[in-house]
Number of protein chains: 2
Amino acid sequence: MGVLERKEREKQEMRELILQTATCMFLEEGYEKTSLRNIAEKIEYSPATIYLYFKDKKELFYAIHERAFENFFVHMSSAEKIINPMQRLRRMGELYIEFAFQNPELYDLMFIMRAPMEAIKESRAEWGHGPRSFELLRTTIINCMEAKLMKPMDIDVAALSIFSFIHGFTSMTIRDRLIMYPKESLRPLLEKSLDNMIDLMKA
Amino acid sequence: MGVLERKEREKQEMRELILQTATCMFLEEGYEKTSLRNIAEKIEYSPATIYLYFKDKKELFYAIHERAFENFFVHMSSAEKIINPMQRLRRMGELYIEFAFQNPELYDLMFIMRAPMEAIKESRAEWGHGPRSFELLRTTIINCMEAKLMKPMDIDVAALSIFSFIHGFTSMTIRDRLIMYPKESLRPLLEKSLDNMIDLMKA
DNA sequence: AATTTTAATAAACATTGTTCATTTTAGCAA
DNA sequence: TTGCTAAAATGAACAATGTTTATTAAAATT
C-alpha cells in the first residue's frame, strides 16, 4: 500500500510549496501584495488550487505565523543553557530584540497582525505558541526570585512588564510610531532601556 | 463677497459630514467594513464625491487619526494641574489606560495601524501629534528628576520605558496576544504593573 | 439669457478573496 | 488495452474593494 503514502507525501509537498512561496512573497512584498492569485501564478497553479490545501488566506498566514513561532521558540531557547537566571533574562531580551529587528515582517505577523489570530478563532483552536514562549520568560523570572537576585514582586506583573516593554518598543519601531528619534538610534536605545529596566528590578 | 465664504463653509461642512460618517462606521464596524462605497451610500452621495474632499482612503483615515489625537491630547492634559510630578505621572498613566480601554478602535488607528502613517509619508507632512503627546510625558519625567523624586537616569530611556510598557500591554490586549490571561483581569493587571514600575523608578 | 466655473456622478478599470460546476488526471479492475 | 472510479486541478463567475475619467447637472457670473 505504498500509493496512499506517496499521495500523502505529495500532498504535504504541495502544501509546503505553497507555504514557502507565500512566505517568500510575504517577506519581500508584504501581506497585501501577497495575493492568492500572485502565489498561484508563481507556482504555476490555479488560484482555486490553494483552497485544496488551505481553508482560506487567514489559515495560510496562520501556518506561516505558526512556523515563525517555532523558529522563535528555538531561537529563544538558546538562552536556557545560561545558569545565572539574571544573566539568562538579559540574554533572552537580547535574543528577542535580535529576532524582531532581523525579521520585522515575521514579528509583525506574530505579534501585531490580526489575520492569524482570527484564523485560530474561526477554527476554534487554541494558541499554544504565544503562551509557550511566554512561559520561558515566566520561568526565568521565577528562577531570579528564587535565587533572590530580583526584588520580590508578583510574577505575572514582572513577566508582563518586561514583555510589554520590549514588545511596545519593538512594535512602535516597526509601525513607525517612534519617528521622533533617528532610526539608527532606536535599537541602541532599546538595549539601553532594557539594561536599565533589569537593573531596576535587581534585588 | 459672501458667496466664496459660504462655498468654503459648505465645503467644510461636507468634509465634516464625510468625516463624521466615516468615524461612526469605523467605530461600529472596523476599518475593512468602512468602505468608501458604504460611506457614500450612507450620506447618499456617489463614491467618487469623497475624492473631491479627501485624496484617498488613507488620507480620510489620517483625518480621523488626527482628530483622535487632538482628543487624546486634551484628555491627557487634564493631568497637568497636578503639581507633584510623580503623582502627575501616575495620573497620566491612568488617563492613558482609560483612553485606550474606552476607545480601542481609535487607539488602534492612532498607535497600531499602518494607514494613517502612510498617508503622512505620501503627503510629505510630518507627524506632530505623536511627539506632542510624548512631550507631556517627557516633561513630567524631567520634573520628577528635578524634584529628586525619581532615580537619576537618561530621560529618553525613562520616558520610552514607561511609554513602551503601557503601549505594549495595551496593544497586545487589543490585538489578542494576551489570551493566556482572562480578559477581565487584564486592565487590573496593567494598573498593578504600572504602579509597580513607577515604584521601581522612585528615588 | 448666455456663458463659465464648480460640483457630482455614472461607468469603467484593475484588483482582491472565494466558490462551484466542469474538466483533466491518476489508479485500478476486467 | 479498455472501461470505471475517485481525486486533483481548473476556468469562469461572483461580490466586493479602491480609484480614475469622461460626462452631466448645478450654480455663479457676465
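Letters A, B, ... mirror the listed sequences (proteins, then strands); counts begin at 1. Source: prediction; values computed, not measured.
In this structure, B/L17 atom CG and C/dA7 atom P are separated by 16 Å, rounded to whole Å. In this entry the distance linking CZ of B/R37 with P of D/dA15 reads 14 Å, nearest Å. Between B/E8 atom CD and C/dT5 atom C1' the separation is 16 Å, expressed in whole Å. Following rounding to the nearest Å, B/I50 (CD1) and C/dA10 (P) show an atom-to-atom distance of 14 Å. One atom, NZ of B/K57, and another, P of D/dT19, lie 8 Å apart when rounded to the nearest Å. Atoms CD (A/E122) and P (C/dT18) sit 9 Å apart, rounded to a whole Å. Summarising the geometry, the separation between CG on B/L60 and P on D/dG18 is reported as 10 Å, rounded to the nearest angstrom. Here the C1' atom of nucleotide C/dG17 and the CD atom of A/E59 are 14 Å apart, to the nearest Å.
Closest to the side chain of A/A48, from the set C/dA10, D/dT10, C/dG17, is D/dT10. In the set C/dT9, D/dT19, C/dT16, C/dT16 carries the atom at the smallest distance from any side-chain atom of A/N38. Comparing atom distances between the B/Y51 side chain and each of D/dA8, C/dA10, D/dG18 picks out D/dG18 as nearest. Side-chain proximity of B/K11 to the nucleotides D/dG18, C/dA7, C/dT18 is greatest for C/dA7. Residue A/Y45 has its side chain nearest to D/dA9 when only D/dA9, C/dT19, C/dT9 are considered. Among the nucleotides C/dG17, D/dG18, C/dA8, the one closest to the side chain of B/S35 is D/dG18. Distances from the side chain of A/L36 to the nucleotides C/dG17, D/dT19, D/dT10 place C/dG17 closest.
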Using atom types as modelled, flag every donor-acceptor pair under 3.5 Å from a side chain in residues 174-182 of chain B to any protein atom, sequence neighbours excluded.
{"residue": "B/R175", "atom": "NE", "partner": "B/D108", "partner atom": "OD2", "Å": "2.9"}
{"residue": "B/R175", "atom": "NH1", "partner": "A/I112", "partner atom": "O", "Å": "2.9"}
{"residue": "B/R175", "atom": "NH2", "partner": "B/D108", "partner atom": "OD1", "Å": "2.6"}
{"residue": "B/R175", "atom": "NH2", "partner": "B/D108", "partner atom": "OD2", "Å": "3.3"}
{"residue": "B/R177", "atom": "NE", "partner": "A/M110", "partner atom": "O", "Å": "3.0"}
{"residue": "B/R177", "atom": "NH1", "partner": "A/M113", "partner atom": "O", "Å": "2.8"}
{"residue": "B/R177", "atom": "NH1", "partner": "B/R175", "partner atom": "O", "Å": "2.9"}
{"residue": "B/R177", "atom": "NH2", "partner": "A/L109", "partner atom": "O", "Å": "3.1"}
{"residue": "B/R177", "atom": "NH2", "partner": "A/M110", "partner atom": "O", "Å": "3.0"}
{"residue": "B/R177", "atom": "NH2", "partner": "A/M113", "partner atom": "O", "Å": "2.8"}
{"residue": "B/Y181", "atom": "OH", "partner": "A/D156", "partner atom": "OD1", "Å": "2.5"}

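Here A/S46 does not reach the OP1 or OP2 of D/dA9: none of its side-chain N or O atoms lies under 4.0 Å away.
Each of B/M14 and A/K58 has a nearest nucleotide on DNA chain C; the 5'-most of these lies closest to B/M14. Toward the 5' end of DNA chain D, the nearer of the two residues B/E10 and B/T34, judged by each one's closest nucleotide, is B/T34.
A distance of 6.0 Å or more separates the ring centres of B/Y107 and B/F72.
Counting non-hydrogen atoms under 4.0 angstrom, A/Y53 reaches the backbone sugars and phosphates but no base.
Contacts of A/K58 classified as side chain to side chain donor-acceptor pair (under 3.5 Å), with partners at least two apart in sequence or in another chain: A/E118, A/E122.
Geometrically, A/R187 engages A/F101 in a cation-pi contact, judged by NZ or CZ lying under 6.0 Å from the ring centre and within 45° of the ring axis. Figure legend: cation-pi geometry between A/K57 and A/Y31, with NZ or CZ positioned under 6.0 Å from the six-membered ring centre and within 45° of its axis.
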